S.K.: 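Take this structure, written in structure tokens, and hold onto it; I'll ask about it next.
Quick caveat, the model's predicted, so the values are computed rather than measured.
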Amino acid sequence: MAKSPKTKNTSGPKRPRKVAAYELPTREQLLEALAQQDDIKGKRDLAKVFGIRGDLRKPFKAMLNELEGEGVITRTRKTLRRTAALPHVTVLDIPTDADPDDLHAFPAQWNDEEGERPRVRVLVDGRSRVVPAPGDRILARIDAGEDLVPDYTAKPMKVLDKPRRAHIGIVRMDNEGARLIPIDRKQKEMRIPLGDLGEASDGDLVEVDVKMSGRLMIPRARVSTVIGNPRSEGAVSLIAIHNLEIPHVFPASVVREAGEAREATLKGREDWRDLPLITIDPADAKDHDDAVHAAADEDAANPGGFVVTVAIADVAAYVRPGTPLDREAYLRGNSVYFPDRVVPMLPERISNELCSLKEGVPRAALAVRMVMGADGRKKSHSFHRILMRSAAKLSYQQAQAAIDGTPDDQTGPLLEPILKPLWAAYAAMARARDQRGPLDLDLPERKILLDDKGFVRDIRIPERLDAHRLIEEMMIAANVAAAETLEQKRSELLYRVHDEPSSEKLQALREFLGSLDISVKKSDSVRAADFNGILGQARKAGNIEQVSEMVLRSQAQAEYAAENYGHFGLNLDRYAHFTSPIRRYADLIVHRALIRALGLGDDGLTEQEATKLAGIAQHISATERRAMLAERETSDRLLAQYLADRIGAQFDGRISGVTRSGLFIRLLETGADGFIPASTLGQDFYRYVEERQAMIGERSGETFTLGDRVLVRLLEAAPVAGALRFELLSEGKRGNPPSGRRPRKGPSKSYGPKGRRKR
């Protein structure tokens with residue numbers, strides 16, 4: 001029984017003053033009692049403290065219900081207590097469907113027994129240095145206000161870079177009910193109360209919400225979505241989509257707006273329908289957002305020069321700032337490409353229809369006309385808002401075959417008037433590119449081909465053709481022209497930037513190259529051409545794979561920014577993405593900026609967007625990293641699934657990474673990545689030598705180095721996790737033990753098979 005408020009108590013906080021008979025306590029008195037007295041467990045205890053009886057019971061109960069409804073107090077079973085307050089600095093999650101212009105968030109960690117998660121307004125203005133976006137996780141400073149009911153506001157301190165992950169796993173039934181086996185090995189198993197299973201059954205792949213319960217904050221899972229059977233068609237890419245919380249279903253308002261869009265007319269545009277622009281894309285492409293044309297320049301002042309035209313689908317004409325279409329495109333940031341599906345940035349009505357430059361169909365475009373000298377350098381350029389009509393839709397292979405002397409019925413008539421001038425212009429631009437000296441790190445990319453059931457049918461390395469390089473070079477030139485024009489007009493823009501390598505990474509590269517007797521200058525000021533020189537030495541020495549891997553690791557990651565610091569890899573002072581507005585929000589922003597800067601319409605960049613470019617850059621850089629991670633994880637799962645029935649088979653591979661814990665192996669046949677734990681290497685104790693990117697036997701000097709070719713046996717494949725484990729069958733190169741140690745004389749430590757010490 002609770003003590004009387006008049007009882008003297010020196011061992012704890014004072015009891016609240018007992019109110020006069022037939023008088024309700026104030027809200028402040030109620031909250032003070034709940035905060036200070038642990039022995040108040042429920043409504044009855046609280047009523048005794050304040051002497052509530054008779055006619056006061058009904059208004060007293062109404063007051064408690066009102067406080068509970070406001071979220072100030074919470075009730076769990078028969079226990080009543082004040083809702084926990086947010087700490088002054090906390091981690092918040094911004095919902096993916098939050099309004100970008102009126103952000104709100106919820107605490108990332110919350111005990112459900114404390115009541116509903118409090119809603120926090122995120123304060124962002126033009127002076128904010130950190131500008132988060134829907135879907136972000138942020139570290140923020142919290143202000144609760146001075147009212148009885150907290151009015152939480154947050155000032156963002158940092159956008160947390162690590163992608164948010166949902167909780168995905170497989171349901172397993174057991175004697176105690178159900179548990180979740182997470183697909184991410186870094187997450188722990190959780191119990192699923194039987195009442196929270198929903199429609200999930202044993203073996204189902206599910207997404208769950210995590211609830212914290214009890215004072216120990218024990219996580220419990222509640223099934224929110226049944227994704228399907230892990231081996232069902234499309235499940236592999238759905239794992240990444242759900243796991244990384246990639247928006248993949250368009251809201252009804254977005255679909256409705258896209259459906260109401262109509263084809264553009266000639267109004268406000270130049271008529272370029274007679275210019276024979278053509279599209280050159282992969283054979284299986286469903287959207288075509290860029291078209292090209294080249295012709296000899298007839299200006300006598302530019303002998304041997306060319307006029308190169310690049311036309312890009314006018315997405316800005318259909319996706320207007322602030323509309324549902326625009327908000328959804330911003331939220332997604334970019335399209336995500338999987339072997340079995342595409343999660344598009346825009347609905348198909350826009351991307352595959354109205355903004356696809358289809359052969360013979362009038363389409364709206366934003367075009368850049370570039371005058372190139374005979375040396376391939378750009379002399380001038382101009383932008384135009386046009387109506388065009390593609391003269392042909394070609395694949396890379398078709399166009400290349402025609403140039404190589406085997407045209408087909410479609411490319412034959414195009415060869416002399418269209419294709420040969422394009423290749424002549426490209427030849428000049430390629431000479432200018434080689435003089436510029438961009439980073440020449442041409443690493444092969446494998447393409448996974450699936451069968452009708454969504455399983456791997458084949459893995460190929462597509463042939464790299466001049467047709468690919470032609471389109472790339474012309475797109476790069478158009479992107480540079482966009483950045484130059486916007487700078488000349490003193491317009492805000494989003495740059496595509498790539499910083500030079502850090503001094504720490506350069507030093508690590510020097511140490512590694514020194515172990516291979518490859519010379520490199522010691523200055524921290526490097527250019528892309530310096531790396532090309534290193535790669536040239538490696539080709540001659542026969543260790544290009546090792547060096548290419550390390551050069552790649554030394555590079556910074558390209559990103560978007562409102563401020564320019566150049567593009568190191570392309571060796572360009574200014575660069576912006578302009579050529580793919582169907583699949584990248586950055587390009588749409590650049591289109592709008594050009595429309596505004598050049599007075600090409602009333603649908604250009606708004607003042608509100610211009611003030612938020614730093615935040616937009618942060619957000620779309622994060623969605624790009626998320627997309628790359630999703631694509632890589634899906635490939636890993638598909639390849640692990642493909643190899644799961646080949647346990648015990650031997651494969652040729654190459655060491656793609658070296659860490660203290662072991663070796664990462666990439667199979668030459670499939671490109672699949674796996675791991676060999678250090679404890680299973682050879683008959684020695686191996687030390688990780690960072691400057692050599694090697695594991696070296698302490699007694700024998702046996703060495704396994706980044707890039708070494710090895711023979712491995714597959715021991716384990718975990719398709720859902722996308723993990724492979726190998727056994728090393730090759731012997732390493734012989735060398736000196738670490739730090740120049742000589743092999744020990746006499747008896748040595750006894751190691752069992754594969755390096756495990758006998759017990």
S.K.: Are Arg464 and Glu445 close enough for a salt bridge, meaning some N to O gap below 4.0 Å?
M.R.: no

S.K.: For residues Gln435 and Arg377, is any side-chain donor paired with an opposing acceptor at under 3.5 Å?
M.R.: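 Yes, a side-chain donor-acceptor pair sits under 3.5 Å.
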
S.K.: Can we say Arg660 and Glu690 salt-bridge, meaning some charged N sits less than 4.0 Å from an Asp/Glu carboxylate O?
M.R.: no

S.K.: Ring centres of Phe578 and Phe383 under 6.0 Å apart?
M.R.: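 Yes - the distance between ring centres of Phe578 and Phe383 falls below the 6.0 Å cut-off.
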
S.K.: Are a donor atom and an acceptor atom from the side chains of Thr579 and Asp290 found within less than 3.5 Å of each other?
M.R.: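 Their side chains do not contain a donor-acceptor pair, so the 3.5 Å distance test is not met.
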
S.K.: According to the interplanar angle, ranging from 0 to 90°, do the rings of His498 and Phe568 count as parallel (below 30°), tilted (30 to 60°) or perpendicular (above 60°)?
M.R.: perpendicular

S.K.: Are any of the side-chain nitrogens in Arg431 or Asp434 under 4.0 Å away from the carboxylate oxygens of its partner?
M.R.: no

S.K.: Under a 4.0 Å N-O cut-off, is there an ion pair linking Arg553 with Glu549?
M.R.: yes

S.K.: Stepwise, does the salt bridge (Lys or Arg N to Asp or Glu O under 4.0 Å) test hold for Glu702 with Lys733?
M.R.: CA-CA 6 Å; Glu702 186 181 26; Lys733 293 174 290 190; over 6 Å; no

S.K.: Strictly under 6.0 Å, is that where the ring centroids of His577 and Tyr560 end up?
M.R.: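 Centroid separation for His577 and Tyr560: below 6.0 Å.
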
S.K.: What pairs with Phe512 under ring pair (Phe, Tyr, Trp, His ring centres under 6.0 Å), at least two apart in sequence or on another chain?
M.R.: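 Not a single residue meets the ring pair (Phe, Tyr, Trp, His ring centres under 6.0 Å) criterion with Phe512.
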
S.K.: Which side-chain N or O atoms in residues 488-495 pair as donor and acceptor under 3.5 Å with protein atoms at least two apart or in another chain?
M.R.:
{"residue": "Tyr495", "atom": "OH", "partner": "Glu487", "partner atom": "OE2", "Å": "2.6"}

S.K.: Using the test side-chain hydrogen bond (donor to acceptor under 3.5 Å, both in side chains), find all partners of Asp281 that sit at least two apart in sequence or belong to another chain.
M.R.: His288

